[in-house]
Amino acid sequence: MSSTSKSSSVWKYFEVMETDTSTTVCNLCNVSISRGKSVATYTTNSMIKHLLLKHQIDVRKQESGALSQSNCGKRPTAQQTIEGMFAKKQCFSTTHPVAQKITKLICEMVAADFLPFSVVENEGFRRLITELQPRYNIPSRKYITETCMPEIYTQVRQYIKHQVNNSMGCFAGTTDIWTSIQNIAYMSLTIHFVSCDKGNLRLLSYVLSCNELEGSHTAQHILEEIKHQEALWDIQLRYMVSDNAANVVKALRDGEIKGVRCMAHTINLVVHHALKNSQRTVNDTVAVARRIVTHFHHSPRACGMLKSVQMDLNLPKHKLIQDVPTRWNSTFFMLERLLEQKPAINQLYQTHGEFQNLSFNEWKLVDSLTIVLKMFDKATCELSGEAATISHILPIKVNLVRKLKRFEHENAEGRLFGIGTFISVLKEQLEHRFSKPHRGVPQAKDCYFYNDDVYTTCAVAAILDPRFKTSWLDDTEEVTRLSTAIQQLALQNVSSENTGVDAGEHLSSTDDSGNEDSILFECPLSDDQIVDTETTPGLEQNAEQQKNKIKTTVMRYIGSQRIKSSKSPLDFWMDHRVDCPALFSLAVSLLSCPPTSVSSERLFSSSGVIVSPLRNRLKPKNVEVLKFLHYNLRKLNFLY
């Protein structure tokens with residue numbers, strides 16, 4: 001056999017080496033076999049012999065058997081008609097299923113990957129599609145923007161509306177306002193709710209809108225936009241999370257929507273205040289650190305020298321991070337990276353001395369600062385997670401204060417260096433901004449719990465999260481007060497169909513297993529928080545008996561052990577929906593509200609890529625469609 005054609009069955013078992021075409025490799029045993037000395041003498045004989053001797057595979061017999069079997073009892077196929085031949089060469093129509101599928105995937109790619117609509121006109125993209133499917137006629141940019149994208153947008157809206165209609169409990173939302181480089185303002189609205197899917201509760205969130213907000217950003221105008229979206233989606237928002245903007249706060253108050261302030265934003269204000277106003281030494285040290293980073297950012301020569309020293313010292317080849325004045329965590333990242341590169345920076349300072357370096361005490365202070373700031377960064381990350389709810393707010397606040405008290409002792413004992421006042425200011429700011437409201441005493445404007453209703457909502461949510469319960473509370477009187485509040489709220493949620501449920505059944509529980517890497521799960525359950533009560537007897541239900549039954553259920557729930565931190569609170573309540581239906585309904589409603597407006601802020605982070613200097617002529621309607629699809633398609637995993 002001298003043919004070099006790969007039509008032979010032997011090529012099912014061999015592959016040609018990329019580096020040497022005269023050699024093949026057996027797929028069965030990875031042995032190299034020569035094909036010949038030159039292209040003119042390439043044969044398959046050696047490969048056939050190898051298969052026969054080594055693997056007992058007779059390729060020639062297989063080929064002859066397959067040929068005879070394929071020809072046995074079959075009439076020769078009819079010659080293809082001219083019409084059929086030309087049909088295989090014709091392009092698909094726009095209504096052809098294959099063409100519709102490819103067009104839909106192109107539109108999803110544009111939305112998901114921040115690609116411009118003009119990608120369908122790019123030469124490289126057109127060559128690729130023509131090679132993959134020659135019969136596909138790539139649609140024009142106008143067809144993509146005016147026909148395909150709106151169709152997908154409508155389909156996704158219909159799917160999300162179906163999910164919303166099948167929700168359980170109430171709806172919570174987040175909102176924010178952003179101005180693009182086109183000087184056009186957009187207002188976002190996301191929705192968060194609990195849905196039951198095949199017997200399991202899931203916390204879902206979607207973007208409902210990101211519309212252009214024309215005119216003045218007054219409270220009335222913002223409220224009108226919220227009510228407009230509520231009418232379009234046929235929903236009623238009970239909670240709304242936003243920043244501290246006065247116009248948004250007033251809009252929510254006027255619309256009788258319970259406003260929850262973004263906790264991540266409040267933590268940012270707490271740390272930013274401490275960095276600016278606590279200690280002169282902290283300010284000076286951060287300023288020196290900032291000048292070091294600026295020196296390396298502005299000098300390509302210094303940057304190259306840093307890379308060289310990193311290689312010599314076997315350090316990570318990371319660039320220094322420049323902080324942003326409005327975000328405290330960027331200052332933390334800057335200091336943390338400087339500590340990582342401390343040996344390289346010190347060596348460059350000793351050999352060249354082209355920048356002002358940190359002193360020995362300043363390096364020690366930076367080390368102490370990063371230990372404290374890392375705790376706040378961890379708390380922010382936990383609050384920004386998709387599974388975070390308002391039940392996290394008070395446990396995180398309490399644990400931050402407890403850790404700061406431990407840091408004060410460590411600073412006094414010398415394990416931390418020179419940041420005593422900084423820690424005290426952080427603790428004072430946390431206590432002030434998250435102070436508990438007192439009846440008759442007005443709260444300061446910068447307080448997170450601006451009234452008792454918001455505090456009670458967050459506290460009840462924390463208690464109804466079986467991972468926390470009352471572990472974050474040290475005051476037994478407060479435990480009693482909040483238990484009574486839960487009983488009152490649960491009584492309001494009781495419907496006529498729940499009156500026959502025995503609320504005295506024992507709740508199953510598991511031992512708590514704290515997560516050492518979490519700010520949340522560090523509070524042990526004290527013995528004085530465990531309450532047990534006898535079951536209210538009697539089968540006949542009246543108002544007083546129902547009240548006693550709910551009280552018994554609440555006390556028994558609080559007295560039972562917490563679940564593991566890795567478990568889902570929604571799974572817990574799904575398992576106990578029969579034991580305590582009133583608490584189930586209340587918990588599902590409260591555990592749907594997020595603690596931050598991060599979902600809206602992330603949406604606008606992507607908006608800065610969609611409306612970029614290279615794409616500054618997009619119409620607001622197209623911007624809205626792209627942002628809506630970019631966020632929701634990923635949530636739906638491109639399946640709807």
Side-chain angles (χ1 to χ4, degrees), residues 94 97-120 122 125 128-129 132 136 138-139 141-167 171-176 178 180 186-195 197 202-212 229 232-233 235 384-387 592 594 597-612 615 618-640:
T94 55
V98 175
Q100 290 181 332
K101 178 67 175 177
I102 296 175
T103 302
K104 174 176 170 292
L105 291 173
I106 290 174
C107 292
E108 290 180 349
M109 178 184 69
V110 168
D113 298 335
F114 302 119
L115 296 177
F117 290 123
S118 59
V119 69
V120 296
N122 294 346
F125 177 78
L128 173 64
I129 296 299
L132 295 176
Y136 176 68
I138 301 176
R141 174 178 176 173
K142 183 177 180 181
Y143 183 80
I144 291 288
T145 55
E146 297 183 2
T147 303
C148 301
M149 280 292 186
E151 288 178 357
I152 298 176
Y153 176 76
T154 302
Q155 291 173 5
V156 175
R157 281 183 66 94
Q158 290 174 349
Y159 183 87
I160 294 176
K161 196 161 189 177
H162 173 73
Q163 294 274 68
V164 169
N165 292 337
N166 293 332
S167 65
F171 298 104
T174 70
T175 187
D176 200 2
W178 170 76
S180 71
Y186 294 89
M187 177 177 168
S188 67
L189 184 64
T190 69
I191 189 173
H192 305 257
F193 59 94
V194 175
S195 175
D197 181 21
R202 292 195 304 153
L203 184 60
L204 301 179
S205 63
Y206 298 107
V207 170
L208 295 188
S209 69
C210 193
N211 293 341
E212 179 184 5
Q229 293 300 326
L232 283 179
W233 291 91
I235 60 172
S384 304
E386 292 190 356
S592 63
S597 58
V598 167
S599 53
S600 286
E601 293 176 6
R602 284 174 179 163
L603 178 65
F604 287 140
S605 296
S606 64
S607 302
V609 181
I610 293 173
V611 187
S612 64
R615 305 176 67 189
L618 278 175
K619 296 179 180 178
K621 180 62 179 177
N622 289 334
V623 173
E624 178 195 350
V625 170
L626 287 172
K627 285 188 283 192
F628 180 88
L629 292 179
H630 174 79
Y631 187 92
N632 292 325
L633 281 175
R634 294 177 180 274
K635 286 283 185 179
L636 300 174
N637 198 23
F638 300 94
L639 297 176
Y640 48 88

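- Checking side-chain atoms of His630 against main-chain N and O of Ala112 turns up a donor-acceptor pair under 3.5 Å.
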Exercise. Kindly determine whether Phe171 and His192 satisfy side-chain contact (heavy atoms from CB on, under 4.5 Å), including the steps that lead there.
Key: CA-CA 6 Å; Phe171 298 104; His192 305 257; over 6 Å; no
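- For the pair Ser167 (side chain) and Val164 (backbone), a donor-acceptor distance under 3.5 Å is present.
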Practice problem: Take Glu624 and Tyr186 through the test side-chain hydrogen bond (donor to acceptor under 3.5 Å, both in side chains) and record every step on the way to the result. | Solution: CA-CA 9 Å; Glu624 178 195 350; Tyr186 294 89; over 6 Å; no
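- Here the straight-line distance linking atom CG of Asn632 with atom CD1 of Ile152 works out to 13.0 Å at 0.5 Å rounding.
- Once rounded to the nearest 0.5 Å, the distance linking CZ of Phe628 with CD1 of Ile160 reads 4.0 Å.
- When all heavy atoms are compared, the tightest approach of Lys635 to Ser205 is NZ-OG, 3.1 Å.
- Between the side chain of Thr103 and the main chain of Gln100, no donor-acceptor pair closer than 3.5 Å is present.
- Of the possible polar contacts, one joining the Lys161 side chain to the Leu232 backbone as a donor-acceptor pair under 3.5 Å is found.
- The environment of CD in Glu212 is crowded: more than 12 heavy-atom neighbours from other residues, nucleotides or ligands sit within 6.0 Å.
- Under 4.0 Å is where a charged nitrogen must lie from a carboxylate oxygen, and between Lys621 and Glu146 no such pair does.
- Annotation: the span from Cys107 atom SG to Tyr153 atom OH amounts to 15.0 Å, rounded to 0.5 Å.
- Side chains of Ser600 and Thr175: no donor on one and acceptor on the other come within 3.5 Å.
- Neither side chain, Tyr143 nor Thr94, offers a donor N or O lying under 3.5 Å from an acceptor on the other.
- Between Tyr206 and Phe193, the ring planes are tilted. Angles from 30° to 60° get that label.
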